[in-house]
There are 4 protein chains.
Amino acid sequence: MNAPADTPQSAPAAPGVARRGQPGRALRQRQRILDAAERCFIDSGFHAATMDHIAKTADVSPGLIYRYFDSKSAIVRAIIERHLENEGCRLVDEHDQSQPLCEHLLDVFECWRRGADPKLSAALLLELTAESTRNAELAEFIRGHDRLVGKSLAARVRREARSRGARLTAADAHGRAVILQCLVEGLASRAVRDPTLRRQTLRAALEQVIAALLR
Amino acid sequence: MNAPADTPQSAPAAPGVARRGQPGRALRQRQRILDAAERCFIDSGFHAATMDHIAKTADVSPGLIYRYFDSKSAIVRAIIERHLENEGCRLVDEHDQSQPLCEHLLDVFECWRRGADPKLSAALLLELTAESTRNAELAEFIRGHDRLVGKSLAARVRREARSRGARLTAADAHGRAVILQCLVEGLASRAVRDPTLRRQTLRAALEQVIAALLR
Amino acid sequence: MNAPADTPQSAPAAPGVARRGQPGRALRQRQRILDAAERCFIDSGFHAATMDHIAKTADVSPGLIYRYFDSKSAIVRAIIERHLENEGCRLVDEHDQSQPLCEHLLDVFECWRRGADPKLSAALLLELTAESTRNAELAEFIRGHDRLVGKSLAARVRREARSRGARLTAADAHGRAVILQCLVEGLASRAVRDPTLRRQTLRAALEQVIAALLR
Amino acid sequence: MNAPADTPQSAPAAPGVARRGQPGRALRQRQRILDAAERCFIDSGFHAATMDHIAKTADVSPGLIYRYFDSKSAIVRAIIERHLENEGCRLVDEHDQSQPLCEHLLDVFECWRRGADPKLSAALLLELTAESTRNAELAEFIRGHDRLVGKSLAARVRREARSRGARLTAADAHGRAVILQCLVEGLASRAVRDPTLRRQTLRAALEQVIAALLR
DNA sequence: AATGAATGAGGGTTCATTCAT
DNA sequence: TATGAATGAACCCTCATTCAT
């Protein structure tokens with residue numbers, strides 16, 4: 001993340017490295033709070049989640065949170081940044097070669113549908129996107145992230161096409177990448193709106209669509 | 001508010017304006033409030049929108065709202081119902097024969113992207129979906145709606161396939177319909193996350209994908 | 001009642017005695033409203049009873065009430081005045097000779113306990129007394145009423161004593177009258193606090209006490 | 001508020017004042033709020049007393065009250081419980097042997113009449129009784145309390161009678177106890193309705209009545 | 001005389017944030 | 001570093017009262 005704006009206040013653990021002041025403790029605390037906030041945001045949404053609830057979940061006092069974050073919205077920002085990082089990585093880079101894209105998407109869908117992994121929460125993804133309509137800074141940030149992902153996707157689309165002997169223009173590859181993004185975000189929406197949906201139901205049509213895009 | 005069109009403010013009242021005793025006034029007021037609420041929900045989200053703000057937008061007193069709605073959440077419910085109705089109709093039934101599905105989707109996308117028509121707000125769609133994760137009643141309602149839309153889509157998919165000489169099983173048609181829903185919801189997400197996106201960018205890939213689904 | 005302050009606004013039914021403007025209609029409306037208010041005050045208390053509820057109970061519009069009363073507290077005042085009138089009359093004057101005082105008190109108690117007759121409501125009596133601690137005007141009014149009742153009671157006590165050959169000083173008679181008032185108001189309190197209480201339970205002890213006071 | 005005695009306002013804080021970290025502070029705050037609420041309830045009644053007013057009287061912020069009580073009605077409940085405890089104790093158990101019952105009642109009456117001691121407020125007693133007509137839970141609670149007091153009174157009546165050589169049936173003793181309760185509650189009503197009443201005025205008749213009941 | 005829609009002040013309550021310890 | 005009590009601005013909602021009809 002290129003976020004120099006959000007480093008923990010200043011130099012809190014400055015002189016010496018005293019008893020309880022082990023190095024890294026501050027970061028660990030910060031992490032605890034973020035984890036708790038993520039849990040709360042997923043459960044209640046950004047607005048309905050209260051600082052008290054986050055504090056309780058993190059097992060710290062409400063006051064302490066303000067040592068690590070300027071405000072609630074700073075936490076929201078941090079969560080969103082963290083979430084986008086993960087999402088991007090997993091989707092394109094990490095799983096590039098391990099399995100067919102379709103199966104990977106179905107895995108992600110399953111994860112979203114079950115809501116078990118806080119790192120991969122469809123609820124958060126939707127919440128975050130909705131929030132971006134009211135927060136210019138966040139919108140800009142998301143756009144930047146999406147562009148990167150888009151590029152990566154476009155490259156992959158192009159590679160796949162080439163490996164099949166086809167030549168795609170940059171614009172073509174870009175268009176297909178965008179539609180792929182639609183598809184992914186649409187799967188998140190579906191996972192939330194119909195948790196009874198099974199991956200088998202999706203597979204055939206999803207494979208066809210992906211094939212059409214990677215052809 | 002910057003709505004000089006319909007203010008029943010001064011004593012004599014302009015001609016054509018709904019005056020106290022006129023029939024239908026109650027419904028018009030209700031509508032007025034709903035419209036204001038929709039605007040506010042789009043601008044601020046369900047939670048952040050305040051009754052006072054809605055009242056101001058509707059140019060009525062806060063107290064009056066409670067003559068027409070039991071509570072804020074009743075307004076949310078009403079807005080969501082209204083929104084879902086519109087969405088469903090437009091997408092499948094109304095526009096069935098007028099133009100190619102791809103063009104229709106691109107129209108809807110444009111509408112979402114520009115955010116001009118409150119009746120067709122991507123922000124609201126996302127908000128609503130996110131909200132459904134925390135509101136069982138709403139979730140059930142949405143699920144019901146989605147099932148209907150899904151059925152209609154599946155039927156259309158089947159018809160199209162048959163007109164091309166292909167035979168689809170019910171399961172196949174259903175799967176494709178679901179992926180179509182993903183696509184639509186994904187377009188909403190895209191419209192919000194990248195308002196610079198042009199329909200030309202989407203067209204080619206979207207056409208391919210739709211072709212693959214209706215084949 | 002010596003209340004010149006509360007006559008219905010001014011001369012509303014002034015010229016002629018037109019169609020619906022039968023004489024006495026205004027007073028009948030006023031009465032309707034008062035009856036409804038009484039019912040509501042007994043059911044909900046002075047503060048919790050709303051003008052809307054009173055209006056509904058009286059089957060008139062909220063606005064109309066303000067043609068007959070200046071404010072809600074004016075209604076409270078009127079109800080209290082009416083209530084005190086009734087109470088005083090019944091207790092001493094009306095039933096003077098018909099039956100033994102003890103039986104009469106037990107009748108009143110029964111009435112209070114069952115809460116059937118709005119004209120004789122223990123709840124209202126308590127509410128009214130409590131209210132008088134915060135309303136000087138009302139307190140004064142009640143005090144005046146109580147003095148009258150006290151006088152009447154004292155006279156009766158004296159008469160009874162004399163009929164038994166005893167001579168009571170004015171102070172003695174007054175003291176006994178006050179204790180009688182205590183007893184009556186205490187019965188109201190009991191009626192409210194223990195609606196399972198039966199008159200048989202009270203009779204013997206009540207008789208003894210009254211005998212001691214009238215001896 | 002005109003309470004310069006215990007304000008923890010300025011930074012250093014006077015010695016002997018409860019400072020943030022001290023043990024028992026929470027209970028003292030709770031008490032503080034209850035005392036303020038009691039004052040407000042006596043002055044304005046349960047309904048008319050506002051949380052803001054209570055907060056101001058207690059010299060705390062409105063929000064803080066909710067750290068110690070769930071709701072306004074929880075405060076009402078607490079006040080009522082506290083009040084009933086005091087009332088019951090004082091009346092029968094505590095003062096059993098110290099002085100003649102008559103004198104004790106006259107003391108209580110004086111206290112009520114002057115309205116100085118919030119722990120012994122006739123206004124609150126009436127308010128509370130009136131409230132019980134609309135609050136089933138409260139009514140049940142009061143009934144339970146009254147039964148205990150009634151038992152205690154009946155026992156005392158019986159003892160007194162026996163000490164005079166009389167044998168009372170349980171029913172007789174119970175009846176007399178109830179009438180005693182009437183008398184006490186009636187005195188509260190009188191104290192409110194006629195604050196000019198002097199104890200001398202009551203003494204003779206009250207003694208007679210009590211004698212008749214304890215004979 | 002009568003309606004009932006409309007007002008708006010103020011009610012109880014919540015919660016992000018601060019501060020004394 | 002950490003606590004959690006304390007603050008106070010706003011929130012949703014109610015209701016006595018007014019006003020156009």
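Chain A is the first sequence line, chain B the second, and so forth, proteins listed ahead of strands; every chain is numbered from 1.
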Undergrad: Measure CD1/B/I75 against C1'/F/dC12 and give the value in whole Å, please.
TA: 11 Å
Undergrad: To the nearest 0.5 Å, what is the distance between NE2 (A/H83) and CD1 (A/I42)?
TA: 7.5 Å
Undergrad: Using heavy-atom distances to pick each residue's nearest nucleotide on DNA chain F, tell me which of D/L64 and C/K72 is more 5'.
TA: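 Result of the comparison: D/L64.
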Undergrad: What's the separation between atom CD in A/Q31 and atom CD1 in A/I33, rounded to the nearest 0.5 Å?
TA: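 The distance works out to 10.0 Å.
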Undergrad: Would you mind reporting whether D/F41 and D/I54 have side-chain heavy atoms less than 4.5 Å apart?
TA: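 Answer yes - side chains close enough.
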Undergrad: Please examine the side chains of A/N135 and A/F141, heavy atoms only from C-beta on, and report whether any two atoms are closer than 4.5 Å.
TA: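 A/F141 vs A/N135: side chains apart.
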Undergrad: At what distance, to the nearest 0.5 angstrom, does CZ of B/F46 lie from NE2 of A/H47?
TA: 12.5 Å
Undergrad: Given that both pair distances must be under 3.5 Å and the pair must be Watson-Crick or G-U, what runs of three or more consecutive pairs involve DNA chain F?
TA: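 The stems that DNA chain F takes part in, listed by first number, are E:2-21 with F:2-21.
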Undergrad: If you pin A/Q29 and D/V60 to their nearest nucleotides in DNA chain F, which one's is more 5'?
TA: A/Q29
Undergrad: Please identify each residue that fulfils salt bridge (charged side-chain N to carboxylate O under 4.0 Å, His left out) with A/D52, with sequence neighbours left out.
TA: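 Salt bridge (charged side-chain N to carboxylate O under 4.0 Å, His left out) list for A/D52, sorted by chain: empty.
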Undergrad: With heavy-atom distances below 4.5 Å as the criterion, would you say the side chains of D/D35 and D/R82 are in contact?
TA: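 D/D35 vs D/R82: side chains touch.
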Undergrad: Is there side-chain contact between B/T133 and A/L126, with heavy atoms separated by less than 4.5 Å?
TA: no
Undergrad: Pick base, sugar-phosphate or nothing for D/Y68, based on heavy-atom distances below 4.0 Å to the nucleic acid.
TA: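 Sugar-phosphate: the residue D/Y68, judged by heavy atoms under 4.0 Å, touches backbone atoms but no base.
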Undergrad: Counting heavy atoms from C-beta on, name the nucleotide in E/dT13, E/dA5, F/dA6 closest to the side chain of D/Y66.
TA: E/dT13
Undergrad: Can you confirm whether D/R39 sits close enough to D/P118 that some side-chain heavy atom of one is under 4.5 Å from a side-chain heavy atom of the other?
TA: yes
Undergrad: Quick check on contacts: within residues 32-57 of chain C, what sits under 4.0 Å from DNA chain F by heavy-atom distance?
TA: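 Correct list: C/A49, C/T50, C/M51.
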Undergrad: If you check every side-chain atom of D/R67, which of E/dG4, F/dA6, F/dT1 has the closest atom?
TA: F/dA6
Undergrad: Output yes when at least one side-chain N/O atom of C/R28 is less than 4.0 Å from OP1 or OP2 of E/dA1, else no.
TA: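 No, outside the criterion.
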Undergrad: Take the protein atom CD1 of D/I65 and the nucleotide atom C1' of F/dA6, then report the distance between them rounded to whole Å.
TA: 12 Å
Undergrad: Among F/dA6, E/dA16, E/dA6, which nucleotide has an atom closest to any side-chain atom of B/S61?
TA: E/dA6
Undergrad: Is B/R25 close enough to E/dT3 that one of its side-chain N or O atoms is under 4.0 Å from OP1 or OP2 there?
TA: no
Undergrad: Counting only side-chain heavy atoms from C-beta out, which of F/dT1, F/dA6, F/dG8 sits nearest to D/P62?
TA: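 For D/P62, the side-chain atoms sit closest to F/dG8.
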